[in-house]
*Asks:* 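The structure is given below, and queries will be raised subsequently.
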Amino acid sequence: MANPLIDIQNYGQSVWYDYIRRGLITSGELARMIEQDGLMGVTSNPSIFEKALVGSSDYDQALSALVADGIGNAKDIYERLAVDDIQRAADVMHPVWVRTGGRDGFVSLEVSPYLAHDTAGTVEEALRLHAAVSRPNVMIKVPATAAGIPAVQRLIAVGLCINVTLLFALEMYEQVVEAYISGLQERAGRGEDVAGVASVASFFISRIDSLIDSRLSQELDGTRDAERRARLKSLVGKVAIANAKITYARCHELYASERWQALAARGARPQRLLWASTSTKNPKYSPTMYVDALIGPDTVNTMPAETFDAFRATGRAQAGLTDNWAEGLAQARSSMATLAEVGISMEQATAQLLEEGVQKFSEAFDKLLGAVEKKRQKLLGPRLAQQSYSIGSYAAAVEAKINDWRAQGNVRRLWQGDPTLWTRDKENAWVGWLHVVDGQQDHPEYFHQVVDDVRGAGFRTALVLGMGGSSLCPEVLRRTWGVIPGFPE
């Protein structure tokens with residue numbers, strides 16, 4: 001019996017799976033999907049890991065072992081679990097990577113969404129995660145933010161395979177291609193290999209229609225003009241695919257340049273467009289709508305589980321992108337022009353979607369780390385240091401505020417120095433104390449110098465003048481450690 005998931009490859013598209021869970025790997029299901037469904041890759045993100053950790057018992061045994069080993073930080077525990085999953089999946093996918101010459105067979109792991117606006121932090125974490133996984137067919141996911149794009153160039157330049165995620169706008173896609181080509185040029189300039197570097201640009205689809213359709217609905221509610229209503233209705237469910245087709249056309253233009261051809265002559269491969277967010281959010285739309293319309297050469301479609309199953313059952317492999325290509329591209333450009341004419345800004349929409357995308361991944365990461373911490377505390381039980389407080393009638397209000405901070409990710413925002421937690425009036429300049437411990441640990445030589453100075457001067461007594469924490473802390477240290485020979489009391 002024909003399988004559309006396999007037949008789709010005849011049109012030059014690879015199918016990846018937008019889901020990962022330990023049971024998928026250990027049960028042999030992932031291997032079966034490769035063999036029977038022609039699966040070519042796997043992607044993951046914080047939302048996927050959060051659902052897998054909370055929604056199954058797959059990780060309980062491994063998490064218990066990590067807690068028993070003294071791994072006490074929720075993020076460290078998550079990373080150990082995630083890296084293990086990525087390694088296992090990469091090993092299962094490795095034959096695909098070999099068979100396709102490094103074109104497919106990749107498993108993606110995302111840098112922390114907390115670093116979406118931190119170029120140096122993104123580069124550092126990407127390098128660390130790549131080294132931790134230590135598999136040739138791992139792709140590190142980096143968001144297409146203003147800070148993420150220069151990180152992409154640096155990481156490509158050092159030879160990492162990168163999945164650039166959260167792409168919505170054509171203009172940002174052009175910047176991503178520029179970063180990819182520039183990174184390869186840096187490698188070529190140093191005489192390093194460019195043929196072994198693979199990358200995809202994850203262009204999100206359904207989220208665009210979800211937002212634009214809602215705005216079209218608002219406009220329809222606000223007008224009775226027959227002509228305007230007809231134009232608005234003509235755009236419902238059409239903008240996401242139109243945006244993707246225009247981007248696909250631009251992709252071919254960018255990779256036809258002499259600049260790229262010089263790299264191609266050295267074996268470089270183009271960064272493929274990957275269609276992401278291809279499940280339909282509107283129940284009125286066909287569940288395979290964003291697969292059917294976007295099948296074409298040199299592309300990837302990473303399908304969530306429900307879309308994967310739906311296309312296997314009812315899909316039809318066809319050249320959705322290239323059939324009547326000139327006419328389809330003209331229609332796409334006409335739709336985008338109409339969108340602007342009815343007063344809906346695609347630029348504003350894609351900027352909002354990028355901001356929301358980073359926020360959603362950050363919130364999922366908050367939930368993920370919260371779930372890990374909750375399980376860790378349950379496993380530790382009486383071994384965990386406990387704190388109690390009694391605040392009488394204020395208990396309900398305090399608990400509500402704590403829950404609100406948890407839901408809004410405010411602890412994360414505090415550590416990022418986000419001034420919107422207060423009045424937006426530069427309060428972020430007041431939170432340097434949050435990082436004082438890290439800063440001091442980075443320079444232990446200062447403390448060693450103080451020790452040497454005190455020892456050399458022969459002091460017998462040290463007197464602390466202060467109040468509050470500045471006097472209580474030395475008192476605690478004095479009571480804990482007593483008098484150390486050779487040092488003042």
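Because only heavy atoms are used, hydrogens play no part in the values below, and waters and symmetry mates are left out as well, while side chains stay in. The residues of the chain are indexed from 1 along the displayed sequence.
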*Asks:* How many angstroms lie between CD1 in Ile181 and CG in Leu254, if you round to the nearest 0.5 Å?
*Replies:* 6.5 Å
*Asks:* Of all heavy-atom pairs between Pro113 and Val358, which one has the smallest distance, and what is that distance?
*Replies:* O-CG1, 4.3 Å
*Asks:* Would you check if Leu353 and Phe204 make a side-chain contact, meaning some heavy-atom pair closer than 4.5 Å?
*Replies:* no
*Asks:* Tell me if a side-chain donor or acceptor on Gln331 pairs with a main-chain N or O of Ala242 at a distance below 3.5 Å.
*Replies:* no
*Asks:* Is a side-chain N or O of Thr43 found less than 3.5 angstrom from the main chain of Ser108, in a donor-acceptor match?
*Replies:* no
*Asks:* Identify the heavy atoms of Val176 and Ala201 that sit nearest to each other, and give their distance.
*Replies:* CG1-CB, 4.4 Å
*Asks:* Between Glu125 and Arg128, does any NZ, NE, NH1 or NH2 come within less than 4.0 Å of an OD or OE carboxylate oxygen?
*Replies:* yes
*Asks:* Show your working on side-chain contact (heavy atoms from CB on, under 4.5 Å) between Arg316 and Asp292 and close with a plain yes or no.
*Replies:* CA-CA 7 Å; Arg316 186 167 65 89; Asp292 301 335; 5.7 Å; no
*Asks:* With a 4.5 Å heavy-atom cut-off, do Val164 and Tyr180 have their side chains touching?
*Replies:* no
*Asks:* Among Tyr17, Phe106, Trp97, Trp16, find the residue that satisfies the side-chain contact (heavy atoms from CB on, under 4.5 Å) test when tested with Met40.
*Replies:* Trp16
*Asks:* Decide, yes or no, whether a salt bridge links Arg88 with Asp91 under the criterion of side-chain N to carboxylate O below 4.0 Å.
*Replies:* no
*Asks:* Keeping Arg229 on the side-chain end and Leu220 on the backbone end, is there a donor-acceptor pair under 3.5 Å?
*Replies:* yes
*Asks:* Does atom CD of Glu124 have more than 12 heavy-atom neighbours from other groups under 6.0 Å away?
*Replies:* no
*Asks:* Show the nearest heavy-atom pair for residues Ala310 and Pro287, with the distance to one decimal.
*Replies:* CB-CB, 4.1 Å
*Asks:* Counting C-beta onward and ignoring hydrogens, is there a side-chain heavy-atom pair between Met346 and Glu171 closer than 4.5 Å?
*Replies:* no
*Asks:* Salt bridge check: are Asp225 and Arg231 linked by an N-O gap of less than 4.0 Å?
*Replies:* no
*Asks:* Supply the atom-to-atom distance His94 NE2 to Asn137 CG, rounded to the nearest 0.5 angstrom.
*Replies:* 5.5 Å
*Asks:* Between Leu109 and Ala82, which heavy-atom pair has the shortest distance, and what is it?
*Replies:* CD1-CB, 4.3 Å
*Asks:* Going by atom types only, do Tyr59 and Asp85 share a side-chain donor-acceptor pair under 3.5 Å?
*Replies:* yes
*Asks:* Taking all non-hydrogen atoms of both residues into account, name the closest pair between Asp213 and Leu235 and its distance.
*Replies:* OD1-O, 4.3 Å
*Asks:* Would you find more than 12 non-hydrogen atoms of other residues, nucleotides or ligands less than 6.0 Å from Glu253 atom CD?
*Replies:* yes
*Asks:* Under a 4.5 Å cut-off applied to non-hydrogen side-chain atoms, are Gln348 and Leu211 in contact?
*Replies:* no
*Asks:* Determine, stepwise, if the pair Ile241 / Lys245 fulfils side-chain contact (heavy atoms from CB on, under 4.5 Å).
*Replies:* CA-CA 6 Å; Ile241 291 173; Lys245 286 184 175 182; 3.9 Å; yes
*Asks:* Atom NZ of residue position Lys374 - does it have more than 12 heavy atoms of other residues, nucleotides or ligands inside 6.0 Å?
*Replies:* no
*Asks:* Do Asn301 and Ile295 touch side chain to side chain, with heavy atoms closer than 4.5 Å?
*Replies:* no
*Asks:* Would you call Glu363 and Lys360 a salt bridge, using N to O less than 4.0 angstrom?
*Replies:* no
*Asks:* Applying side-chain contact (heavy atoms from CB on, under 4.5 Å) to Leu24 and Met33, what does each step give before you reach the verdict?
*Replies:* CA-CA 10 Å; Leu24 180 76; Met33 292 166 70; 4.1 Å; yes
*Asks:* Within this structure, what is the OG-CZ distance for the pair Ser202 and Phe168, rounded to the nearest 0.5 Å?
*Replies:* 10.5 Å
*Asks:* With distance as the sole criterion, is a donor-acceptor pair present between the side chains of Asn163 and Thr165 under 3.5 Å?
*Replies:* no
*Asks:* Of the options Asp309, Val291, Asp18, which is the one that meets Met303 in a side-chain contact (heavy atoms from CB on, under 4.5 Å)?
*Replies:* Val291
*Asks:* Is the closest side-chain heavy-atom distance between Thr145 and Leu166 below 4.5 Å?
*Replies:* no
*Asks:* Does the pair Arg266/Asp193 count as a salt bridge with the N-to-O cut at 4.0 Å?
*Replies:* no
*Asks:* Return yes if a side-chain donor-acceptor contact under 3.5 Å exists between Ser279 and Thr307, otherwise no.
*Replies:* no
*Asks:* Quick one: side-chain hydrogen bond (donor to acceptor under 3.5 Å, both in side chains) partners of Glu110, sequence neighbours excluded?
*Replies:* none
*Asks:* Report, as yes or no, whether the 6.0 Å neighbourhood of atom CD on Glu347 holds more than 12 heavy atoms from other residues, nucleotides or ligands.
*Replies:* no
*Asks:* Applying side-chain contact (heavy atoms from CB on, under 4.5 Å) to Leu39 and Phe308, what does each step give before you reach the verdict?
*Replies:* CA-CA 10 Å; Leu39 185 68; Phe308 189 90; 3.8 Å; yes
*Asks:* When you measure from the side chain of Asn73 to the backbone of Asp76, do you find a donor-acceptor pair of N or O atoms at a distance under 3.5 Å?
*Replies:* yes
*Asks:* Can a donor-acceptor pair be found, under 3.5 Å and without considering hydrogens, that links the side chain of Gln153 to the backbone of Gly183?
*Replies:* no
*Asks:* Any side-chain donor-acceptor pair under 3.5 Å between Arg103 and Ser14?
*Replies:* no
*Asks:* Find the distance between CD1 (Ile86) and CE (Met93) and round it off to the nearest 0.5 Å.
*Replies:* 11.5 Å
*Asks:* Charged N to carboxylate O under 4.0 angstrom, Glu219 versus Arg215?
*Replies:* no
*Asks:* Can you find a pair of side-chain heavy atoms, one from Ile156 and one from Gln271, that are under 4.5 Å apart?
*Replies:* no
*Asks:* Is a side-chain donor-acceptor pair under 3.5 Å present for Asp209 with Tyr290?
*Replies:* yes
*Asks:* OH of Tyr255 to CZ of Arg269: how many Å apart, nearest 0.5 Å?
*Replies:* 12.5 Å
*Asks:* Any sub-3.5 Å donor-acceptor pair from Arg190's side-chain atoms to Ala157's backbone N or O?
*Replies:* yes
*Asks:* Within the 3.5 Å criterion, strictly below it, is a donor on Ser206 or Lys281 matched to an acceptor on the partner's side chain?
*Replies:* yes
*Asks:* So, the side chain of Tyr78 versus the backbone of Leu368: is there a donor-acceptor pair under 3.5 Å, distance only?
*Replies:* no
*Asks:* Would Tyr248 and Phe203 count as a close aromatic pair, with their ring centres under 6.0 Å?
*Replies:* no
*Asks:* When you measure from the side chain of Thr247 to the backbone N and O of Leu170, does any donor-acceptor pair fall under 3.5 Å?
*Replies:* no
*Asks:* Salt-bridged, Lys375 to Asp60, with N to O below 4.0 Å?
*Replies:* yes
*Asks:* Could you report the tightest heavy-atom contact between Pro304 and Thr278, atom names first, then the distance?
*Replies:* CD-OG1, 3.9 Å
*Asks:* If you round to the nearest 0.5 Å, how far is CD1 of Ile6 from CZ of Arg312?
*Replies:* 10.0 Å
*Asks:* Regarding Gln359 and Glu355, do their side chains bring together a donor and an acceptor under 3.5 Å, going by distance alone?
*Replies:* no
*Asks:* With a 4.5 Å heavy-atom cut-off, do Gln185 and Val194 have their side chains touching?
*Replies:* no
